[in-house]
Structures are given as C-alpha cells and as structure tokens.
Amino acid sequence: MKTHSLYPLMFRPQYRDYLWGGDLIATRYNRANTPRPCAESWELCGLPGHESVVANGPFEGVGLGHLTQTFGRDLVGAKAPDPERFPLLVKILDVHSRLSVQVHPDAKAAASLGGEPKHEMWYLLDAAPNATLWAGLRPDADLANLAEPDLVAHRTHTGDVFDVPAGLVHCIGPGNLLYEVQQPSDTTLRVHDWGRGRPTQPEAARVAIHPGLRATCLPQPAAKRDLCPRLSTPDFSFATLSLTHGRTLHTTEQSLMVLFCAEGKTTLEHDGPHPLTLLPGDSVLIPARQTVFLHPFAPTKLLVTTL
C-alpha cells in the first residue's frame with residue numbers, strides 16, 4: 001500500500017438510525033442514502049467493525065484502521081497515543097427527541113467496568129429556539145434515581161462549544177444539531193432512558209460518574225478572527241476557520257487535521273492531482289506533514305480539529 005503517498009482523504013459516512021434521530025442530516029447536507037430516522041453520521045472512525053472507508057483517490061475502498069496501521073505516525077502524527085490506532089471518532093448528531101441520561105467512563109472506570117474511556121466535545125451546528133442540553137449534576141442530586149431536575153440545564157445557541165469530559169452526566173435535548181469530536185470509544189452507560197425500554201446500566205454508571213464535574217460551555221467569541229481557537233485538551237484541540245479569501249494550511253509532524261465544512265463552499269488543493277471541493281457536511285482528513293490550499297467560492301466556515 002505504501003506505493004502511494006498519503007494525501008487529503010475523504011470517507012463514506014456511516015449512519016445510525018437510533019430512535020431519537022430526525023431528518024436534518026439528510027436534508028441539510030443533501031444525503032440521499034440516510035436511514036429514517038437518522039440520528040448520527042459517523043464521519044471518521046477507526047474502530048474495528050465500524051471503520052470508515054476512503055472515498056477518493058488511490059486509497060478508495062481502504063479502511064481507516066488499515067491505513068492507520070500501515071502508515072502510523074505519518075498519518076496521525078507524533079501526538080497520537082497509539083500510532084496504529086486512529087485517535088479520534090468524529091460524528092454529526094441530529095437530536096429530534098432527547099437522548100438518555102448517560103455518562104462515559106474515564107480510563108480508571110473503563111479499566112474497572114470494561115469498555116474504553118471517552119472524552120468528547122460538541123459544536124452546535126444549529127440550535128432551535130429554546131433548545132436545551134443537560135450536563136452536570138446539581139449538588140443535591142440523587143444518584144440512585146437521577147431525573148431531569150437533578151441535571152444542570154444549558155440553553156444552546158448555534159456556534160456554542162461544550163467540553164464534555166469522561167465522568168460527566170449529560171443528556172442532549174431535541175432541536176440540537178451537533179458536530180462531535182471524541183476519543184475513539186463507543187462506551188456509553190445509560191442512567192435513565194425516559195421509559196423507552198432500552199437497557200440501562202445505573203450501577204455501572206454510578207461507578208463512572210464524577211458528581212462534582214461541570215460542563216464547560218464556550219459561547220462564540222466576540223472578536224472576529226479568521227482562525228479562532230475554541231478548545232484545547234490533552235485529547236484534541238478544536239477551532240473554527242472563516243474563509244473569505246484563499247488560505248494555506250499546514251500540518252506538522254505532530255498531528256493530523258480534520259476539516260468539516262459547516263457553511264459555504266471551497267476547493268482544497270494539495271500536492272497531488274484532483275483537488276477536492278468541500279460543501280456543507282463534507283469532512284476531509286489531512287495527514288501529518290502536509291500543505292493544502294483553500295480557495296472559497298463564497299464565505300465559508302470550516303471546523304478544524306487537531307490533536
């Protein structure tokens with residue numbers, strides 16, 4: 001496989017038809033093959049059995065996990081914890097009815113309970129009027145019988161960023177369209193599911209919960225800058241990039257870069273042939289040590305994730 005050099009990679013989305021989903025992913029991003037309802041689009045995933053498949057160039061049809069094992073740090077960069085495991089899971093979530101009250105374990109709880117640690121962040125692509133999510137527990141919360149009054153409510157607005165560390169109890173309400181970046185884990189412990197009949201794991205969840213943990217909500221900054229850092233953690237960093245004219249982006253030997261087109265339209269040129277066109281809903285993975293050139297056709301907003 002190493003007969004070909006790495007280049008900016010696009011992938012085929014994977015969809016999940018969980019009962020709380022809606023139809024915004026299909027309608028907003030012009031995707032014809034989504035299920036009904038469509039709750040999640042997994043944009044980038046290297047988990048075995050769920051790995052994303054390349055959709056462009058010489059590696060078309062190759063799984064992301066296989067690429068990572070083949071190229072290692074040439075793909076993911078020096079900051080990745082494991083050079084042979086893709087370090088992120090990136091999703092779009094369309095929340096039409098509220099999710100379960102849930103928590104994800106940190107490394108210590110995952111070692112005790114099984115599964116894998118999961119720190120995640122959310123960027124609000126869209127929020128309906130009065131849309132809400134819940135993150136964190138009130139001081140008098142009853143861990144044995146958690147319900148909505150025990151949770152800290154946050155009204156959401158388009159452009160908000162939430163940092164959601166492992167151990168934080170949370171629930172996303174209807175009317176929220178989110179871009180989610182997380183550690184590569186599919187471990188979720190449901191505390192309460194509003195009587196919908198799905199399994200819950202309250203005892204295990206209580207082991208994973210950090211009762212005093214609070215969500216960090218980062219509203220849109222007042223200063224208008226083209227590249228605006230929004231969040232930096234040991235697991236990932238996140239920024240927004242507003243384009244009105246051409247711009248060059250570089251990745252170093254330290255980290256890959258994931259771009260998601262939230263608004264507008266831009267071409268992405270690189271050292272190889274076949275420049276890419278990014279439309280709203282498109283994701284592209286730029287390997288470590290690459291340079292790309294962005295030429296917007298209209299004002300364009302990109303979401304930028306690095307390690």
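Quick note: residue numbers are just sequence positions, from 1. Heavy atoms only: backbone and side chains are in, while hydrogens, waters and symmetry mates are out.
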Colleague: Is there a donor-acceptor pair under 3.5 Å between the side chain of Arg190 and the backbone N or O of Arg198?
Modeller: no
Colleague: For a quick check under 3.5 Å, do Asp23 and His96 share a side-chain donor-acceptor pair by atom type?
Modeller: no
Colleague: Short question: side chain of Thr187, backbone of Glu116 - any donor-acceptor pair under 3.5 Å?
Modeller: yes
Colleague: Can you tell me which residue pairs pass the salt bridge (charged side-chain N to carboxylate O under 4.0 Å, His left out) test with a partner in residues 282-293, sequence neighbours excluded?
Modeller: Asp74-Arg289
Colleague: Check side-chain hydrogen bond (donor to acceptor under 3.5 Å, both in side chains) between Asp186 and all other residues, then give those that pass, not counting sequence neighbours.
Modeller: none
Colleague: Verify, without hydrogens or angle tests, whether Arg85 (side chain) and Pro184 (backbone) share a donor-acceptor contact under 3.5 angstrom.
Modeller: yes
Colleague: Closest heavy-atom contact between Ala288 and Thr252?
Modeller: CB-O, 3.3 Å
Colleague: Show every ring-ring contact (aromatic ring centres under 6.0 Å, His included) that has at least one partner inside residues 283-307, sequence neighbours left out.
Modeller: none
Colleague: Suppose the criterion is ring-ring contact (aromatic ring centres under 6.0 Å, His included): which pairs have a residue in residues 170-217, not counting sequence neighbours?
Modeller: His104-His170, Trp122-His170, Tyr179-Phe260, His192-Trp194
Colleague: Indicate whether the side chain of Ser100 and that of Gln102 have a donor and an acceptor atom separated by less than 3.5 Å.
Modeller: yes
Colleague: For Pro83, which residues count as a side-chain contact (heavy atoms from CB on, under 4.5 Å) partner, sequence neighbours excluded?
Modeller: Arg73
Colleague: Give me each pair satisfying salt bridge (charged side-chain N to carboxylate O under 4.0 Å, His left out) with a member in residues 203-219, each pair once, sequence neighbours excluded.
Modeller: none
Colleague: Looking at every heavy atom in both Thr251 and Pro287, which two are closest together, and how far apart are they?
Modeller: OG1-O, 2.7 Å
Colleague: Do Glu43 and Ser41 pair up side chain to side chain, a donor and an acceptor below 3.5 Å, judged on atom types alone?
Modeller: yes
Colleague: Could you check whether any side-chain N or O of Arg230 sits under 3.5 Å from a backbone N or O of Gly159, counting only pairs where one atom can act as donor and the other as acceptor?
Modeller: yes
